[in-house]
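To start, the structure itself, in structure tokens.
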Amino acid sequence: MEGASVDMDPELARQLFFEGATLVFLGVPEGSEFGIDCNSWQVGPRFRGVKMVPPGVHFVHYSVKRKDGAASETGPRTGIFLHLEQKEIRLLHWNPQDELMVPAPEEEAEKLREQLTSLDPFLGPYPYESLRCWVSLSSHINKEVIGRLQPVCGNIYAFPEVLPTENMTHTEDRAKHNLPKYDSGCQSYKEGMSRLPLMKQKAGTEIRFSQLPAKLYPENATPAEVTKHSMDLSYALGCLLETNYPGQPLEVLAELQFSFVCFLLGNVYEGFEQWKGLLNLLCRSETFALQQPDLYSEVISILYHQLAQVPTDFFIDIVSQDNFLTSTLQVMSVAALPH
């Protein structure tokens, strides 16, 4: 891996080699982009994986080099959250047909343990100098959170596959929906858009985020109550927590981190939207903040570390869209913060 260098005491390196986890990736096309946590590199001809990986949660992400593309051109990013145990060996094979890393059976991975020393020259060391940064972004994410939020398919796609909601390949299919034939000309842009099929994300590829409340106030609320709950979103936040995290309000912080990592490192725009929605609920819930000072101390710490990782130009172009972050943070009044 280009740029992977660690100045480390040889004895410490030897201990980490045998005590840390090992990720073995076989067959990754040369020139692809590979990353773990906050780091990424261009894959060279000798790359076989990463050694000395600290136990715990990690986010592996990769973008495959296009066969006929430019030297630095790669495809959309794919990521996967992993929870690694001490001394664990995780083996993944490159599937060229699907352009995915496919996990090997645990028994096959264990057989590599005897060959670990011979694999050493082909394994890049985990960059421990960036570990503090990664921990600050993932401190609330654990194995259970991964199992709950990660897609059923196991992969997080920057551009997931979409399929038409209905099969309209035949003329009679289109006629049922009062749509003209494919070969008839469009009279307007609006007509052209209406002809496009309705699409949905392929089943099993969806990140299983919590559904944000559609209504901010209870049924049969009076006009005064509607106004109150639209200004202080504590009711909506309470509904979200009761539905998804009953009795465990701090668990929402893991989803806040999970969605941000998907956005920042996985290039998933849906992650940004979920992060923005959760942050909006948390920052606009003054009554709830007064009741949960410990939770809000963590919210402030998490947000501090997250914003430190967003590039300045990216922050200007996307995160400040409609000035949502500025207005959201301003609403978090001093009275709602723990003293």
| Which heavy-atom pair separates His229 from Pro218 by the least distance, and what is that distance? |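 Heavy-atom minimum between the residues: CD2-CD, 3.6 Å.
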Quick one: [atom1] on [X] to [atom2] on [Y], what's the gap to the nearest 0.5 Å?
X      : Y      : atom1 : atom2 : result
Cys38  : Arg132 : SG    : CZ    : 13.0 Å
Arg208 : Arg148 : CZ    : CZ    : 9.5 Å
Ser138 : Phe258 : OG    : CZ    : 11.5 Å
Leu92  : Tyr62  : CG    : OH    : 8.0 Å

**Prompt:** So His93 and Glu108, side-chain hydrogen bond (donor to acceptor under 3.5 Å, both in side chains) or not? Walk me through it.
**Reply:** CA-CA 11 Å; His93 291 282; Glu108 185 180 349; 2.8 Å; yes
Can you find a side-chain donor-acceptor pair between [X] and [Y] that sits under 3.5 Å?
X      : Y      : answer
Asp37  : Tyr126 : yes
Gln42  : Glu33  : no
Thr78  : Asn155 : no
Glu298 : His140 : yes

Do NZ/NE/NH1/NH2 and the carboxylate oxygens of [X] and [Y] come within less than 4.0 Å?
X      : Y      : result
Glu85  : Lys87  : no
Arg284 : Asp232 : no
Glu219 : Lys215 : yes
Lys228 : Glu225 : no

For the hydrophobic clusters of this structure (ILVMFWY residues joined by side-chain heavy atoms under 4.5 Å, transitively), does one cluster hold both [X] and [Y]?
X      : Y      : answer
Leu264 : Phe159 : no
Leu212 : Phe288 : yes
Leu137 : Leu131 : yes
Val135 : Leu307 : yes

Check your understanding: Would Glu273 and Tyr269 count as a side-chain hydrogen bond (donor to acceptor under 3.5 Å, both in side chains) if you check the C-alpha gap in whole Å, the side-chain angles of each, and the deciding distance to 0.1 Å?
Key -> CA-CA 7 Å; Glu273 289 294 333; Tyr269 186 72; 2.8 Å; yes
(request) Assess whether side-chain hydrogen bond (donor to acceptor under 3.5 Å, both in side chains) is satisfied between Gln306 and Trp275, documenting all intermediate values. (result) CA-CA 11 Å; Gln306 288 179 340; Trp275 175 70; 2.8 Å; yes
Is there a side-chain hydrogen bond (donor to acceptor under 3.5 Å, both in side chains) between Glu161 and Gln201 once you walk through the steps? CA-CA 6 Å; Glu161 183 179 354; Gln201 194 167 328; over 6 Å; no
Please report whether the ring centroid of Phe34 lies less than 6.0 Å from that of Phe25.
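Yes - the distance between ring centres of Phe25 and Phe34 falls below the 6.0 Å cut-off.
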*asked:* Ring centres under 6.0 Å, that's the criterion: do Phe59 and His61 meet it?
replied: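 Yes, they do, as the ring centres are separated by less than 6.0 Å.
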Inset, instruction - Only one of Leu123, Val28, Asp120, Val43 passes side chain to side chain contact (heavy atoms under 4.5 Å, CB included) with Arg48; say which it is. - result: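 Exactly one pass, corresponding to Leu123.
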